[in-house]
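I have placed the structure first, in the form of structure tokens, so that the comments after it can refer back to it.
What's counted below: heavy atoms across the whole structure, side chains too, no hydrogens, waters or symmetry copies.
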Amino acid sequence: MTIPTAAAWRRLLTGALAVALLAVAGRPARAQPMLAEEASRLRTPQHFALEMRFGPYRPDVDSEFAGRAPYREFFGDGNKLMMQLELDYQIFQKFGSAGIGFGIGYFAVTGKAFDGRGSGTRTADDSTLKIFPLSLSAVYRFDVLYEQRGIPLVPYAKLGLDYAIWQVTDGNGEIATDGVGGRARGGTLGWHGAVGVSLILDFIDPDAAKVFDSEMGVNHTHLFFELNHYDISGLGQSNRMHLGDNTWTMGLMFEF
């Protein structure tokens, strides 16, 4: 029996070490944490969310009047489009994300003015009610399932305060008057609550989502649907135009 030389032992140990290193490097259990760590390192910081939202709206002006329906009589029963933008600052990102959001919107509805003689006859002049709602919201998004499991559905909730600025313009685009010095403009305080769910669209094209993040700083793109309750009736103040509604909105959100 021939005893291996020291050089042979060195070659044998070197080869065994190389095989062991290749085996360890090729194990999926070792590679996966490295990939996750690399993805986390390449992801840009996330602090904000920008929403573009759209939905039907019909302010409950008539709820202020007993036995009368001036809004329905003038503008009809239909809903019109409400457009809104909301910017959230995410102050907490541990178990889900929580933040504070500021929103601004625009709503307009137009009807033909009456002739003013009590006959109910309409004129050719348009009269338009415009509403500019401002909101301040506390927002919580339960994105834990996406961050930990990759499930792209994120339920969320909102609660906050509103101030709706409104005005009525006449056929010349000027603020309408009542003939005795009153002007048809004002503002109404209120509150709102909402629940919704968003679908993170990154899974459709993960490579494009990574490029969008690295080049534009957009971490995620969401498509969302939301149920809303607006109670904009003055928060106890009297003689305020009621502008609330129960409705829904949908739109896109970008986290960055």
If I take atom CG from residue L153 and atom OG from residue S198, how far apart are they, to the nearest 0.5 angstrom?
8.0 Å

Is there a side-chain contact between E86 and V139 in this structure, where contact means two heavy atoms from C-beta onward sitting under 4.5 Å apart?
yes

Any donor-acceptor pair under 3.5 Å linking the side-chain atoms of Q84 with those of E51?
no

Under 3.5 Å, is there a donor-acceptor pair between the side chain of D162 and the main chain of L189?
no

Please state whether the rings of F48 and F256 are parallel, tilted or perpendicular, taking 30° and 60° as the class boundaries.
parallel

Would you check if there is a donor-acceptor pair between the side chains of T247 and N228 at a distance under 3.5 Å?
no

Are V109 and I232 connected into the same hydrophobic cluster when the rule is that any two of I, L, V, M, F, W, Y join if their side-chain heavy atoms are below 4.5 Å apart?
yes

Got P70 and F65 here, is their nearest side-chain heavy-atom distance under 4.5 Å?
yes

Can you tell me how far CE of M83 sits from CZ of F54, rounded to the nearest 0.5 angstrom?
7.0 Å

Can you confirm whether K130 sits close enough to F132 that some side-chain heavy atom of one is under 4.5 Å from a side-chain heavy atom of the other?
yes

Is there a side-chain contact between E255 and H47 in this structure, where contact means two heavy atoms from C-beta onward sitting under 4.5 Å apart?
no

Close side-chain approach of F224 to L199, heavy-atom, < 4.5 Å:
no

Salt-bridge test for E174 and R183: reply yes if a basic N is under 4.0 Å from a carboxylate O, no otherwise.
no

With a 4.5 Å cut-off on side-chain heavy atoms, are F107 and L81 touching?
no

Going by atom types alone, do R141 and S97 pair a side-chain donor with an acceptor below 3.5 Å?
no

Strictly distance-based, threshold 3.5 Å: is any side-chain N or O of D205 a donor or acceptor partner for the main-chain N or O of A208?
yes

Decide yes or no on side chain to side chain donor-acceptor pair (under 3.5 Å) for H192 and S137, but give the supporting numbers first.
CA-CA 8 Å; H192 68 270; S137 305; 2.8 Å; yes

Is it true that the side chains of H242 and T188 contain a donor and an acceptor less than 3.5 Å apart?
no

Taking the side chain as everything from C-beta on, heavy atoms only, tell me whether F102 gets closer than 4.5 Å to L87.
no

So, the side chain of R58 versus the backbone of D77: is there a donor-acceptor pair under 3.5 Å, distance only?
yes

Using the ring of each side chain (for Trp, its six-membered ring), is F212 parallel, tilted or perpendicular to F254, with breaks at 30° and 60°?
perpendicular

Take the angle between the ring planes of Y140 and F142 and call it parallel below 30°, perpendicular above 60°, tilted in between.
tilted

K158 with E226: basic N within carboxylate O range, under 4.0 Å:
yes

Rounded distance (nearest 0.5 Å) linking atom CG of L243 with atom OG of S63
9.0 Å

Check for a donor-acceptor pair, side chain of D213 on one end and backbone N or O of H220 on the other, with a separation under 3.5 Å.
no

Any donor-acceptor N/O pair, N219 side chain to T44 backbone, under 3.5 Å
yes

